[in-house]
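Read the structure below first, then the notes.
Lettering of chains follows the sequences in order, A, B, ..., and the numbering in each one begins at 1.
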Amino acid sequence: MKALARLSFNYIRRSRRHMAFAAVGLTAGVATLAFFLALSAGVRQKVLNRLYPVNQVEFQVERVSLFGLGLEVPASLEPPVISAISRLEGVRSVHPKQRSGFQARLWGGRDVFGSTLRVEAFFDGLDPVLIRDELRQSEEGALGKEDTGVACLTDGDCGPGSFCGSRRCVRRSWWNRFDSVDSVYRCRSDLACIQGESCLNGECVIPCDFSQGGASCPSGTGCRAGACRRLCSDTGMECRDGELCAVDGMCARLSCSLSGADVQMSDGGDQMAGTVTGLPGAASNRPLPEVCPGDSYCAVPGVSSSSGYCELPIPVLLSPFILDIYNDAAAPALGLQRLAGPELALGLKFSMMFGESYFAADLPSSMRVVRRCRIVGFSPKALDLGVTMPLIDAMHANAAMLGREKTSSYSSVVVEAVSNEDVPRIIQDMKSLGLVLSPRSESGRKAANVLMVLTLVFGGVSLIVLLVSGINIAHTFGMLVSERRREIAVYRAVGATLLDIRLIVAGEAVFLGFAGGISGIFLGWLASRLVNLLAAPVFSRIPGSPGDLFSFSPAILCVCMGISILFAVFGAWGPARSASRTDPTVVLSQE
Amino acid sequence: MTRAYVDRDAPGGRRLALDSVSLTVAHGEFVALVGRSGSGKTTLLNVTGCLDRDFSGMLRLFGRDTSRLGDRQLSDLRNQRIGFVFQAFHLLGHLTVFQNVMLPWHFSGTSRADAESRTVDALKQVGLPDRADSFPWQLSAGERQRVAIARAILNRPSLLLCDEPTGNLDRETAASVTRIFEQIVRQSGTSVLVATHDETLAASADRIVRLVDGRLA
């Protein structure tokens with residue numbers, strides 16, 4: 001086979017000009033195909049899938065326009081509806097979302113921006129399960145793998161931002177911090193707590209009956225003083241920063257105090273760590289820390305309070321759209337530093353005041369509360385103009401500020417289908433429940449459909465070009481085979497089989513297809529760079545737009561190469577058969 | 001062989017070229033086929049070399065009935081046990097002398113190193129060890145025919161079929177080619193069946209077979 005390939009290659013080299021001519025059509029067809037496949041894949045991956053993967057669709061309550069007013073049709077996204085959705089055929093999982101329903105403002109970021117930013121705050125809550133994988137992937141894309149592969153014995157052997165785990169340096173990750181911190185809010189009755197929680201000693205907790213030994217608590221928790229608490233071992237690893245493992249084997253929050261209530265209005269810093277005052281309702285063998293430990297801060301229940309509990313800042317996600325707006329509009333206008341990449345904002349803490357607004361009237365001071373937040377990731381699924389926090393934390397905040405009844409229904413729901421084919425049926429079923437696609441999902445689906453049609457059209461055009469090039473190859477090879485009758489007859493005389501002759505000609509076609517494929521892909525790639533270059537000025541004005549619209553994945557390259565070789569062999573097959581039918585006795589008897 | 005035909009694609013249909021020919025060539029025998037043009041010499045060589053299958057009767061080669069062999073086995077026979085030498089040499093112009101002689105190796109499935117060593121031997125045998133890197137167009141007619149002979153004997157065949165091998169050569173060159181055939185028969189024990197008009201070449205053969213209108217005379 002190798003020897004036959006050598007003969008094929010030898011002939012290709014000898015007939016460069018003819019072959020180059022035959023490869024032109026192939027190159028043009030493959031270039032067109034590669035260009036449009038890469039564009040389609042790029043737009044799908046970098047634009048559509050970043051908003052929502054094909055099998056994830058967001059629904060909201062249908063609004064109808066009546067006399068110019070947007071009215072909701074009688075449907076709601078309450079738990080029974082969510083439960084009904086989860087039972088629909090083709091639905092794998094259901095993830096409700098809830099928006100904030102009250103005024104808020106935030107401030108902070110002096111360390112990163114060079115000045116304290118103060119803006120109106122909007123937020124929504126999202127199920128962490130829905131976004132965890134995406135956060136992990138985008139974080140690894142920006143910061144590298146968590147396991148750095150560097151050997152170590154102590155944390156000192158690893159660089160900043162890493163620690164030594166199992167003798168390997170591990171990068172501290174942010175994506176896994178997007179989980180509920182169960183922030184404590186002051187409550188006077190159960191009505192200020194979410195469904196399933198009760199107000200106990202001014203704190204919303206999952207109630208339990210101690211006499212049943214924690215049997216009514218969720219798994220991983222036990223019952224202490226009528227409330228479910230996380231179970232822990234001697235190491236205390238199960239407890240979060242701001243908690244200690246008490247002697248009863250359950251985590252307990254540290255109480256703390258601030259030097260004054262007005263400290264809350266500062267832009268973070270050490271003052272927010274407060275002073276630890278005790279471990280209420282529990283006892284620990286461990287010494288109490290002086291200040292709220294690790295990442296925790298002293299969260300107090302009101303703007304006039306100075307004592308509360310150590311707790312972690314609420315993890316939040318930002319949309320890359322916000323970063324673009326900041327870099328393109330806010331930073332130049334306000335003379336602030338631009339942020340080169342989203343990763344620079346990871347870990348940034350800021351404060352959020354619930355109940356105060358730059359636009360609307362403030363709530364009474366007794367209802368206002370300050371909470372620290374921390375940016376742990378960026379995602380296109382986050383609120384475009386606002387922040388996104390874990391669903392439970394958003395619901396806690398809504399319940400504390402507006403009451404339980406406001407948390408009983410959700411603003412939208414993300415439905416994950418078992419397969420892409422299930423999505424159209426789910427959309428129909430949801431319509432009968434009075435739910436329609438959210439504008440973002442609707443746009444995504446429309447764009448996906450347009451993209452599919454365009455891909456099909458241009459893919460068809462590419463195939464026609466390739467078909468024509470196949471005919472051109474058939475013509476060229478036919479001519480070349482006719483010119484090579486003597487050579488083929490000599491091959492037969494020295495022992496070539498009919499199959500050998502066909503393989504030699506087909507081998508030449510494979511070489512040609514390979515060369516046409518490589519040059520076509522290269523040409524398609526060049527065209528994509530050109531389009532990116534031309535589009536750059538336009539895209540730079542659109543926040544959140546990707547820098548590169550194309551995705552030349554290995555699969556696309558393989559498909560293009562395969563099709564190029566296939567069409568070349570298809571074109572050469574007739575001439576190859578004709579070559580094998582050359583009668584050596586006739587040709588060799590000629591002088 | 002009872003019948004063999006030529007001009008199969010001619011407008012008037014195929015023409016009978018050989019009729020009731022019975023010929024045995026012994027191991028190491030040098031046989032000259034003589035006869036007028038069109039008497040069937042080339043057809044007999046093509047049929048014997050398994051290039052032409054349009055015949056009736058039986059062809060036994062090396063003790064095997066070739067009618068039962070398929071394309072692969074016949075090609076193997078041509079590659080391993082039969083060598084062809086043509087009047088027009090039929091060297092490939094884009095290949096060097098060395099590459100031309102090595103051509104049968106591409107279809108043999110043997111190792112390249114072994115083929116290269118055989119090529120060197122074959123070129124020595126025909127007296128052209130120094131022309132390995134030349135191209136056919138740089139050689140004289142006699143040298144080209146010697147290269148063609150080297151290609152034919154690369155795989156040390158048992159039978160060499162030569163169609164007017166001296167037809168395009170002057171007398172002196174033809175004599176040197178004739179000596180090469182004699183040497184091949186003597187040294188390698190190869191049987192040689194040569195169709196020729198060259199009386200000197202025919203005279204050097206062990207046996208002369210005459211064909212008249214497709215029949216043995």
Open item on the list: I'd like to know if the side chain of A:R486 reaches the main chain of B:L92, judged simply by a donor and an acceptor atom lying under 3.5 Å from each other, with no hydrogens or angles considered.
Closed with: no

Open item on the list: Other residues, nucleotides and ligands only: do more than 12 of their heavy atoms fall within 6.0 Å of CG on B:D65?
Closed with: yes

- [ ] Determine whether more than 12 heavy atoms belonging to other residues, nucleotides or ligands lie under 6.0 Å from atom CZ of B:R36.
- [x] no

- [ ] Working to the nearest 0.5 Å, report the span between CG of B:L103 and CD of A:E487.
- [x] 8.5 Å

Open item on the list: For the CZ atom on B:F135, are there more than 12 heavy atoms of other groups (residues, nucleotides or ligands in this structure) within a distance under 6.0 Å?
Closed with: yes

Open item on the list: So, taking the atom named CG in A:L588 and the one named CZ in B:F86, what distance separates them when rounded to the nearest 0.5 Å?
Closed with: 4.5 Å

Open item on the list: If we define contacts as heavy-atom pairs under 4.5 Å, which of A:A489, A:P584, A:A496 has the most with chain B?
Closed with: A:A496

Open item on the list: Taking CD in B:E116 as the centre, count heavy atoms belonging to other residues, nucleotides or ligands within less than 6.0 Å. Is the count above 12?
Closed with: yes

Open item on the list: Just verifying a value: how many Å separate B:M102 CE and A:R6 CZ, rounded to the nearest 0.5 Å?
Closed with: 7.5 Å

- [ ] Determine whether more than 12 heavy atoms belonging to other residues, nucleotides or ligands lie under 6.0 Å from atom CG of A:D147.
- [x] yes

Open item on the list: With rounding to the nearest 0.5 angstrom, report the CG to CG distance, A:L499 to B:D71.
Closed with: 8.5 Å

Task: From A:T585 atom OG1 to B:D163 atom CG, the distance as rounded to the nearest 0.5 Å - done: 11.0 Å

Open item on the list: Check whether B:R72 reaches the backbone of A:T497 with its side chain - one donor and one acceptor, N or O, closer than 3.5 Å.
Closed with: no

- [ ] Just give me the residue among B:L154, B:L161, B:L91 that pairs up with chain A most often, heavy atom to heavy atom, under 4.5 Å.
- [x] B:L91

Open item on the list: With a 4.5 angstrom heavy-atom cut-off, is it the side chain or the backbone of A:I504 that approaches chain B, or both, or neither?
Closed with: side chain

TODO: Return yes when atom CZ of B:F62 has more than 12 non-hydrogen atoms of other residues, nucleotides or ligands closer than 6.0 Å, and no otherwise.
DONE: yes

TODO: Kindly check if the number of other-residue, nucleotide or ligand heavy atoms within 6.0 Å of NE2 (A:H475) is above 12?
DONE: no

